[in-house]
Amino acid sequence: MISVAIDGPAGAGKSTISRRAASELGFTYVDTGALYRAIGQACTNKGIDVSNSEDVVKILSETDIKLTFTDGEQRVILNGKDVSAEIRTEKASMTASVVSAIPEVRQFLLGLQRSFAKNENVIMDGRDIGTVVLPNAEIKIFLTASPESRADRRTKQLAAKGIAADYNDVLSDIIKRDHNDSSRDTAPLRPADDSIIVDTTNLTLKQSVKRITDIIKAKL
Ligand code: DC
């Protein structure tokens, strides 16, 4: 089995690039951010304030999260309900970032994430895949881009989905999330020592996908 870990900050293009690279190479693409988003959604559904980590931890035992994969498309099932669409709002992004700093939440999701890499070739994207989840991954990539270009892409992505978003709001959210994700004590966002850093600021999507698939193919 081959595991490819792709980590990096929000909006660097990890999910789009990973999905395309996985489809080209016949690997399963696992988006781990969706798991943190699902925990955030579980809290929202129950009216729990995520800044109260004790309350968040309490609901974990009654939270069941499954990922299903159909034709390379990942769906997120929270307590039997498909929440794939509702976990994509900017509010859900911020909630996910807050719950992801809670050590018990990270521990809760660890086994689930590792189980995906046991029986198939995976490209798994997240923040701590190369450092914590799959430290023995054959290939580790840290995908990054300037905050401005990430905000610009995110704003356009949201607009394409019919969600109006202001560039400056998106930029300040990205900077805040970068700070949250990099400064937390447990599994902070950082490149693994043995990762290859790819900066997509000046690359098109097509060039980025090629860069990633070339790196993977060279190691197969
Ligand atoms: O990749 P994303 O934007 O869907 O991730 C949502 C949040 O989850 C993000 O702010 C950080 C967190 N996350 C994490 O801490 N570890 C991961 N492996 C994936 C996501």
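Counting convention: from 1, in listed order, for ligands and their atoms alike. As the structure is a computational prediction, the values presented were derived from the model and not from experiment.
Residue-environment remark: CD (Glu54) stays at or below the threshold of 12 foreign heavy atoms within 6.0 Å.
Of all atoms in ligand 1, numbered sequentially from 1 with element shown, those under 4.0 Å from a heavy atom of Ala96 are 6 (C), 7 (C). Heavy-atom proximity to Asp181, at under 4.0 Å, picks out these atoms of ligand 1: 9 (C), 10 (O), 11 (C).
Of the protein's non-hydrogen atoms, Arg127 NH1, 2.9 Å is the one closest to atom 1 (O) of ligand 1. Scanning the protein heavy atoms around atom 8 (O) of ligand 1, the nearest turns out to be Tyr36 CB, 3.5 Å. Of all protein heavy atoms, the one closest to atom 4 (O) of ligand 1 is Arg37 NE, 2.6 Å. The shortest contact between atom 16 (N) of ligand 1 and any protein heavy atom is with Arg106 NH2, 3.0 Å. With respect to atom 6 (C) of ligand 1, the closest heavy atom belonging to the protein is Arg177 NH1, 3.7 Å. The single protein non-hydrogen atom nearest to atom 19 (C) of ligand 1 is Thr32 OG1, 3.4 Å, given as residue, atom name and distance.
Atom CZ of residue Arg177 and atom OG of residue Ser93 lie 4.5 Å apart, to the nearest 0.5 angstrom. Atom CD of Gln41 and atom CG of Asn79 lie 11.0 Å apart (nearest 0.5 Å).
Of the candidates Ile212, Asp125, Val209, Asp125 is the only one forming a side chain to side chain contact (heavy atoms under 4.5 Å, CB included) with Ser18.
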What side-chain donor-acceptor pairs closer than 3.5 Å can you find for residues 160-173, not counting sequence neighbours?
residue: Asp166; atom: OD2; partner: Asn168; partner atom: N; Å: 3.2
residue: Asp166; atom: OD2; partner: Asp169; partner atom: N; Å: 3.2
residue: Ser172; atom: OG; partner: Asp169; partner atom: O; Å: 3.2

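With a 4.0 Å heavy-atom cut-off, ligand 1 is reached by the side chain of Arg184 but not by its N, CA, C or O. The backbone and the side chain of Ser97 each have at least one atom closer than 4.0 Å to an atom of ligand 1 (non-hydrogen atoms only).
A continuous path of ILVMFWY side-chain contacts below 4.5 Å connects Val133 to Leu67, so both sit in one hydrophobic cluster. Tracing side-chain contacts under 4.5 Å through hydrophobic residues (I, L, V, M, F, W, Y), one reaches Leu35 starting from Val30; they form part of the same cluster.
Residue Lys14 has no nitrogen or oxygen atom sitting less than 3.5 Å from a nitrogen or oxygen atom of ligand 1, judged on distance alone. Not a single N or O atom of Asp31, backbone or side chain, sits closer than 3.5 Å to an N or O atom of ligand 1.
At a cut-off of 3.5 Å, with distance as the only test, no side-chain donor of Asp199 or Thr144 sits close to an acceptor on the other residue.
With Ala187, Ala5, Ser100 as candidates, the residue nearest to atom 12 (C) of ligand 1 on a non-hydrogen basis is Ser100.
With sequence neighbours left out, the ring-ring contact (aromatic ring centres under 6.0 Å, His included) criterion links Phe116 to Phe69.
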